[in-house]
Structures are given as structure tokens and as C-alpha cells.
Undergrad: 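One structure follows; several queries about it will come next.
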Protein chains: 2
Amino acid sequence: MNSGKATIHDISKALNIDSSTVSRALNNSPRVSSKTKAKILTKAAELGYQRNSLASNLRTNKTNTIGVIVPRISRSFFSSVISGIEETAYKNGYNVIICQSLEDVNREKKIMDNLLSNRVDGVLISISMQTSSYEHLKPFRNHGAPIVFYDRPCNFEGCTSVSIDDFEASFKATEHLISNGCKNIVHFGGPQNIALYKNRKKGYLAALEKYGLEINEIFCFENELSENDGVIMAKEILKMKNVDGIYAANDTSAISALQYLKSKDVKIPEDIAIVGFNNDPISSVIEPSLTTINQPDFEMGRMATNALIDQIKDTSLSVRPIVLKSELIVRSSSKVMP
Amino acid sequence: MNSGKATIHDISKALNIDSSTVSRALNNSPRVSSKTKAKILTKAAELGYQRNSLASNLRTNKTNTIGVIVPRISRSFFSSVISGIEETAYKNGYNVIICQSLEDVNREKKIMDNLLSNRVDGVLISISMQTSSYEHLKPFRNHGAPIVFYDRPCNFEGCTSVSIDDFEASFKATEHLISNGCKNIVHFGGPQNIALYKNRKKGYLAALEKYGLEINEIFCFENELSENDGVIMAKEILKMKNVDGIYAANDTSAISALQYLKSKDVKIPEDIAIVGFNNDPISSVIEPSLTTINQPDFEMGRMATNALIDQIKDTSLSVRPIVLKSELIVRSSSKVMP
DNA sequence: CTGTTAGCGCCTTCAC
DNA sequence: GTGAAGGCGCTAACAG
């Protein structure tokens with residue numbers, strides 16, 4: 001007894017059927033009589049046969065596996081994206097390997113190496129914040145495997161990017177505040193070297209401009225996305241006295257700011273109306289009536305995976321960027337009804 | 001040009017060196033002169049060579065990969081465990097494949113099949129809540145690959161389980177409430193068919209008994225871990241009037257209960273003291289002074305991975321359960337100082 | 001429908 | 001220190 005490592009040859013010998021027929025039967029080829037197929041399957045089960053994908057993949061030069069690189073799986077937005085990816089991949093017969101870069105380029109590089117040497121059929125990647133050069137992606141493309149960027153778009157050898165229209169979402173959020181009577185709207189922004197936060201700021205400014213509100217640079221906070229930053233910003237706002245609206249372009253600091261404001265008995269949205277992103281469920285726990293921007297996370301995972309699979313199946317496919325829209329979820333009643 | 005799919009044979013031909021020497025050089029074997037080694041490495045880089053792990057793994061019958069099955073990566077506790085797993089695995093030269101069962105046995109079964117056919121060297125698994133039979137794990141063991149259970153222990157063919165001492169944690173939590181003057185302590189429990197929640201209830205009861213407090217079955221809530229349950233329980237508690245302490249054995253409902261109580265102007269911990277688990281960061285956001293039980297998540301990942309790797313390296317290793325202790329984080333001042 | 005043959009890319013005895 | 005030969009387990013022509 002081969003201690004639980006039966007191969008197609010073991011089945012072949014036991015049944016006096018050639019191993020190629022066994023292989024065909026195991027792959028449910030129509031070119032095997034159902035009688036022998038049955039015999040083979042029975043024997044396989046009896047011997048505890050388990051296909052060796054390594055050998056199979058080596059031979060066919062296909063792994064039916066896609067690699068997913070994500071900055072951090074614990075972030076609510078990304079874990080939803082992953083759900084969408086997994087669902088779509090499994091539905092299409094692909095397996096998924098999830099890897100965390102933890103926003104570290106060196107890790108990202110190692111992961112890409114590893115995925116390549118394991119010959120995954122394609123990669124879905126959300127580039128780490130540190131990443132500025134795309135050198136480590138080139139070997140992958142050279143091997144002919146497609147790459148699709150999600151959430152953080154990249155201009156790289158014509159690869160597809162799936163992203164969210166941040167400008168539009170920000171514009172709508174700010175517009176919502178304005179149409180509810182806010183005149184002095186503060187913006188909690190993120191690092192401006194990152195396109196995403198830049199676009200969000202642009203959307204905010206565009207809305208102010210459209211409605212003829214004064215653009216005040218003091219109202220544009222820029223922070224490092226930390227909790228502490230949130231408290232600092234909240235204190236600043238209270239000092240300013242006249243602030244009546246906040247458009248928060250990042251969760252973490254927004255949450256701590258919200259918490260601080262509430263602890264100072266500021267009424268939301270009567271005193272200060274807030275719109276932020278709802279990637280992090282915490283914000284809606286603190287203030288259930290908060291108006292939020294709902295990003296298409298799950299949908300993003302689906303779209304990106306479909307695009308990738310299309311390209312795996314047809315390498316010559318022309319690619320174009322995919323842009324998804326966010327949705328404004330208005331939960332609170334208006335601040336000022338005209 | 002082979003369009004970016006160089007093999008050791010390509011290097012071999014280009015240099016007039018046998019492929020076996022190339023293979024040795026690429027694996028940094030000491031039996032190759034440093035001169036030829038250098039030549040080979042240079043050529044490899046030049047041709048953009050990338051090892052084919054499928055072939056290599058097939059040949060050596062080792063993948064240096066461990067499979068991780070987790071019920072749901074978005075749960076804070078599990079994503080911390082994964083961090084610990086990844087860190088330990090990478091440090092030891094192992095890759096990690098993360099798979100979500102989503103608490104679904106059928107998915108879990110498929111994942112195990114897939115991991116087996118990909119010949120991972122071992123598996124770390126937290127069994128889905130649905131799982132009652134371990135049949136789907138047997139093929140894996142038959143192939144000689146070790147399995148280590150984490151968080152949700154199992155009696156299966158002498159496999160190692162790494163778990164947390166829930167009884168002790170619950171006992172300490174309840175004891176803490178008692179020593180701070182609570183006389184009427186309610187328990188938010190989970191499904192009693194799950195060992196974890198059973199042990200938590202036992203710890204609660206043991207503490208009451210030790211300190212001579214009356215055991216009241218009405219104080220033992222059992223729920224389905226939903227948010228709605230939390231609100232229902234909170235309302236019940238307010239009706240009871242005399243409740244002055246809560247030991248919550250699950251996050252989700254505890255959070256919504258906490259929120260509801262605060263909305264009714266119940267002072268925490270003055271009116272009602274609460275101890276719960278801090279797996280979910282939300283609870284500490286709602287009430288920063290909350291006393292919580294800190295579970296060793298990261299540490300669990302490390303311990304489980306080390307145990308698995310030991311067993312991969314030495315199959316004959318005897319295994320024993322590993323039990324970790326939780327820590328009580330007292331943030332609020334005492335309810336009643338004697 | 002089934003068997004024959006060959007080889008995916010790599011590693012590992014065994015020689016020299 | 002290097003080369004020659006064989007095979008890990010599977011599949012894909014090509015025959016018949």
C-alpha cells in the first residue's frame with residue numbers, strides 16, 4: 001500500500017486499463033464509455049485517489065488560479081472586494097490565492113515573484129501606497145499573464161484598471177451638504193500625493209465653485225489618516241465657530257473626529273452636518289443617521305475578476321479602464337429644509 | 001525568443017553547461033564552483049528566468065506552502081490571527097494560501113480538496129460552525145500532511161489544537177464584575193451547541209458560585225449573535241431594574257446592546273458595568289473606558305504555525321493541545337470601591 | 001472508444 | 001566540480 005498517494009497508474013494497473021484512459025475518465029471526457037468511467041471512478045474512490053494538480057498544471061501550463069494582492073485584508077472595504085472576487089472566480093472555475101502586501105513594496109515584490117513562479121493565470125492587484133515603480137510587474141507581463149488593477153488605478157502597459165469615480169462621489173457629497181443649507185464646509189482630506197485623495201479634494205472644490213461658495217484653504221485639512229488627526233481637526237473646527245458641514249474623505253480620522261464632536265455635545269446634523277465614506281462600519285455605529293457615500297466594493301471585485309478572466313481566456317483582448325459610481329446614502333433628515 | 005518562458009535548459013544551452021549544473025547553481029548548491037555559479041546567475045537574469053515551482057514541487061514532493069482555512073477574513077479576530085500566521089510562516093520560508101469557508105461546510109470541503117490536490121505541506125484550520133463530521137479531513141491525513149486546529153479545537157486523529165481558555169477568561173471577567181460590587185450580573189451567551197460559548201457560560205456560573213451569588217436562569221441570555229438580539233436583551237435588562245453588571249460572551253449583540261443602553265442614558269460602568277471581548281474594535285469606540293477581555297489573536301497565529309511547521313518537518317512528532325490565556329484589560333475605574 | 005508514445009520543467013542519484 | 005540518465009504525475013497528440 002502506497003500510504004495514501006495513489007496515482008492514475010495505480011488505478012491503471014489495478015484495472016488493466018491504460019493510464020491515459022484513466023486520465024480521460026477522471027477529467028470526464030466524453031470519449032470514455034460510461035461503463036469504464038464508472039469502474040475507474042469507483043476504483044479511484046477505493047484507493048483514495050486525489051489528483052495531483054502540480055503535475056496536471058505543469059502539463060497543461062494552466063493553473064486555473066488567480067492571485068489577489070491586497071494591501072490589508074482586515075480593512076472593511078477590501079474584504080468586501082475579496083468577497084466579490086472569490087464569488088466570481090469560483091463561479092468560473094478559478095481558485096484564488098489571497099496575499100497581503102501590508103502596504104510594503106518589498107513584500108509586494110516577493111509576492112509577485114512567488115505568484116509568477118507558481119504560474120497563476122493572472123493577478124488582481126491593489127498597489128501598495130509605497131509603490132512608485134512598476135518594475136516588479138514586468139516579469140509577469142513578459143510571461144504573458146494579465147494583470148488587472150483594482151481600486152488604485154495604474155498606467156502600466158495598457159492593463160485594465162477598475163476604480164471608483166472619486167471626483168463624482170465627492171462632488172455629490174459636497175453638493176448634498178450645500179443643498180441642505182451648509183455654507184461653511186470643511187474638507188478632511190488625505191495625502192495629496194495619492195490620486196484618490198487628490199480627486200476627492202477636486203470634487204469638493206468643484207462643488208463649492210458651482211454653487212458660488214467661497215473656497216477657503218483653511219477649510220482644507222490634509223492628514224495622515226490617523227485617529228489622532230481626527231481629534232486635532234475636530235478641535236480646530238470647534239475653534240472656528242462657523243463651520244456647519246464636513247465632507248470627510250477618509251474614515252479613520254473622520255470617525256475619531258465624529259466621536260470627539262459628539263462628546264462635546266455637538267448635534268449631528270443640526271449643528272454640523274457630515275458626509276463621509278461608509279467603508280468602515282464604525283462610523284454608522286457611532287451615528288446611525290449619518291449620511292454616507294456607499295462605495296461599490298463587492299461590485300468592484302466582480303468587475304475586476306470578470307475583466308481578468310476575459311483576458312486570461314483571450315490574451316489579445318483590448319482593455320479599457322472601468323470606472324464605477326458610488327451612491328449617496330441619505331439617512332438623516334435635512335439640516336435645513338427650504 | 002521563447003517569449004519570456006526561459007527554462008534551465010535555455011540557460012544550459014546558452015552556456016554549454018549541463019542543465020543539472022544549472023539546477024544546482026540556481027539552488028545555491030555548494031557543489032558548484034562560484035565561477036560557473038556567477039555565470040549561470042547572470043545568464044538567468046539576462047533571460048528573465050523564473051523558476052517553475054510546479055515542476056520543482058512535483059519533483060521534490062514539497063511545496064513549502066501551508067493552507068489556512070478561516071471562517072471569515074473580515075472578522076477582526078481572524079485577521080489578526082492571519083497576521084501572526086503569515087509572519088511566522090514567511091520567517092520560516094513557507095508561503096501561505098488563505099481561504100475563506102464563510103462558515104459553510106461544503107465550501108470547506110471543496111477548499112480541503114483543492115489544498116490537497118495542490119499538495120500543500122500542511123493546513124491550519126478553524127472549522128466552520130456548521131461542521132460536525134470530519135470526514136473531509138481524512139484524505140488529507142491519509143496523505144501524511146499535518147493539520148492544526150486553531151481557535152475552534154477538534155478531537156481528530158490526535159491533531160494539535162491551539163485554543164483559548166474560555167472558561168478562565170469568563171471566570172476572570174465575572175470575578176472582576178463581582179469584585180467591583182456587582183450583585184446581579186447578566187450573561188449574554190452564544191449558541192450552547194458550540195463548545196466555546198458553553199465554556200464561557202460555565203466560567204460565568206463558576207464565578208457566581210465561588211462568590212456565593214445566586215444563579216438565576218433568567219440572567220442567562222442565549223442568542224444568535226445578531227445585532228437585533230442585542231437590542232432585545234438590552235430592553236429586557238432595563239425592565240428587570242436591578243441588573244448592575246453584564247458579562248457579554250459575544251461582540252455583535254453586545255455592541256448593539258451597549259449602544260442601546262447608552263442611548264437610554266444608562267451610565268457605564270456606574271449604573272451597569274460591562275465586560276466583553278474586544279475582538280471587535282467597535283465596542284471600544286462606543287465606550288472607550290470599557291473593560292474588556294483581550295484574546296491572544298496574533299499569538300495564536302504564531303503558536304499554531306510553529307506547531308504545524310514542527311510537524312511538517314518531523315512527522316513523527318507527538319502532539320499536545322496548546323491553550324492560551326486571555327488578558328483582562330481594565331480601563332474604567334471601579335464601580336464600587338470598598 | 002482505448003492504447004501508445006512522448007514530454008511539461010525540474011531535481012537527483014550515479015558516474016567520472 | 002560537472003555530465004548523463006531517469007522519472008515525479010499527468011495529459012495530448014496520434015494511431016487503431
Side-chain angles (χ1 to χ4, degrees), chain A residues 2-41 43-44 47-65 114 116-121 143-144, chain B residues 2-41 43-44 47-65 114 116-121 143-144:
Chain A
N2 210 340
S3 89
K5 296 189 184 184
T7 72
I8 53 173
H9 294 106
D10 297 326
I11 301 174
S12 159
K13 277 177 207 156
L15 256 36
N16 253 320
I17 296 176
D18 192 82
S19 59
S20 57
T21 304
V22 175
S23 171
R24 279 190 279 256
L26 259 19
N27 286 311
N28 202 19
S29 158
R31 306 183 354 170
V32 180
S33 77
S34 47
K35 209 179 254 177
T36 45
K37 211 178 266 185
K39 259 201 292 190
I40 289 170
L41 291 180
K43 199 59 169 183
L47 295 177
Y49 170 82
Q50 287 288 143
R51 134 191 271 113
N52 185 330
S53 294
L54 297 173
S56 169
N57 293 339
L58 173 60
R59 186 59 235 260
T60 57
N61 206 24
K62 250 195 120 310
T63 54
N64 283 308
T65 300
N114 187 42
L116 174 51
S117 81
N118 279 294
R119 298 294 191 270
V120 296
D121 295 337
H143 279 244
Chain B
N2 210 339
S3 91
K5 293 188 184 186
T7 71
I8 54 173
H9 294 105
D10 297 326
I11 301 175
S12 159
K13 276 176 207 157
L15 256 36
N16 253 320
I17 297 175
D18 192 81
S19 60
S20 57
T21 305
V22 175
S23 170
R24 279 189 279 256
L26 258 19
N27 286 310
N28 203 17
S29 157
R31 302 185 359 175
V32 181
S33 77
S34 46
K35 210 180 252 177
T36 45
K37 209 178 269 185
K39 260 202 291 194
I40 289 170
L41 291 180
K43 200 60 170 182
L47 295 177
Y49 170 82
Q50 287 287 142
R51 133 189 273 116
N52 185 329
S53 294
L54 297 173
S56 166
N57 293 339
L58 173 60
R59 185 59 235 261
T60 58
N61 205 26
K62 249 194 122 305
T63 55
N64 283 308
T65 300
N114 187 41
L116 174 50
S117 80
N118 278 294
R119 299 294 191 269
V120 296
D121 295 336
H143 278 243

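Proteins come first, then strands; the chains are lettered A, B, ... in the order of their sequence lines, and each starts at number 1.
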Undergrad: Write down the distance between CZ (A:Arg51) and P (D:dG9), rounded to a whole number of angstrom.
TA: 15 Å
Undergrad: Side chains of A:Ser29 and A:Asn27: any donor to acceptor distance under 3.5 Å?
TA: no
Undergrad: Which part of the nucleic acid does A:Asn61 contact within heavy-atom distance under 4.0 Å: base, sugar-phosphate only, or nothing?
TA: nothing
Undergrad: How is A:Leu54 classified with respect to the nucleic acid when contacts are heavy atoms under 4.0 Å: base, sugar-phosphate, or nothing?
TA: nothing
Undergrad: Answer whether the closest heavy-atom distance between the side chains of B:Lys43 and B:Val22 falls below 4.5 Å.
TA: no
Undergrad: Give the nucleotide from the list D:dG3, D:dG1, D:dC10 with an atom nearest to the side chain of B:Ser33.
TA: D:dG1
Undergrad: How many Å lie between CG on A:Leu26 and C1' on D:dT11, as a whole number?
TA: 12 Å
Undergrad: Rounded to the nearest angstrom, tell me the gap between atom CG in A:Leu58 and atom C1' in D:dG9.
TA: 9 Å
Undergrad: Pick the closest DNA chain D nucleotide for A:Gln50 and for B:Arg59 by heavy atoms, then say which residue is nearer the 5' end.
TA: B:Arg59
Undergrad: For D:dG9, does OP1 or OP2 lie under 4.0 Å from any side-chain N or O of A:Ser56?
TA: no
Undergrad: Can you find a heavy atom in the side chain of B:Ile40 that is under 4.5 Å from one in the side chain of B:Ile11?
TA: yes
Undergrad: Whole angstrom is fine here: how far is it from OH in A:Tyr49 over to P in D:dG9?
TA: 10 Å
Undergrad: For B:Asn57, which contact category applies under a 4.0 Å heavy-atom criterion: base, sugar-phosphate, or nothing?
TA: nothing
Undergrad: Please tell me whether A:Lys5 and A:Asn52 have a donor and an acceptor in their side chains that are separated by less than 3.5 angstrom.
TA: no
Undergrad: Can a side chain N or O of B:Asn52 be found less than 4.0 Å away from OP1 or OP2 on C:dC8?
TA: no
Undergrad: Can you find a heavy atom in the side chain of A:Arg51 that is under 4.5 Å from one in the side chain of A:Leu26?
TA: no
Undergrad: Side chain of A:Thr60 only, heavy atoms from C-beta on: which candidate in C:dT12, D:dA12, C:dC10 is closest?
TA: D:dA12
Undergrad: Would you please confirm or rule out a distance under 4.0 Å between OP1 or OP2 of C:dT12 and any side-chain N or O of B:Ser23?
TA: no
Undergrad: Of B:Arg119 and B:Thr36, whose nearest nucleotide on DNA chain D comes first from the 5' end?
TA: B:Thr36
Undergrad: Rounded to the nearest Å, what distance is computed from the NE2 atom of residue A:His143 to the P atom of nucleotide C:dG9?
TA: 11 Å
Undergrad: Write down the distance between CG (B:Asn28) and P (C:dC10), rounded to a whole number of angstrom.
TA: 17 Å
Undergrad: Is any side-chain heavy atom of A:Asn57 closer than 4.5 Å to one of B:Leu58?
TA: no
Undergrad: Starting at atom CD1 of B:Ile11, determine the distance to atom P of D:dG3, rounded to an integer number of angstrom.
TA: 14 Å
Undergrad: Just how far, in rounded Å, is P of D:dT11 from CD1 of A:Ile40?
TA: 12 Å
Undergrad: Remember a base hit wins even if backbone is also touched, and classify A:Arg24 as base, sugar-phosphate or nothing at under 4.0 Å, heavy atoms.
TA: base
Undergrad: Quick one: on DNA chain C, does A:Val32 or B:Ser20 contact a more 5' nucleotide (nearest heavy atom)?
TA: A:Val32
Undergrad: If the cut-off is 4.0 Å, is B:Thr21 near the phosphate of D:dG1, judged by side-chain N/O to OP1 or OP2?
TA: no
Undergrad: Between C:dG3, D:dG9, D:dT11, which nucleotide gets closest to the side-chain atoms of A:Ala55?
TA: D:dG9
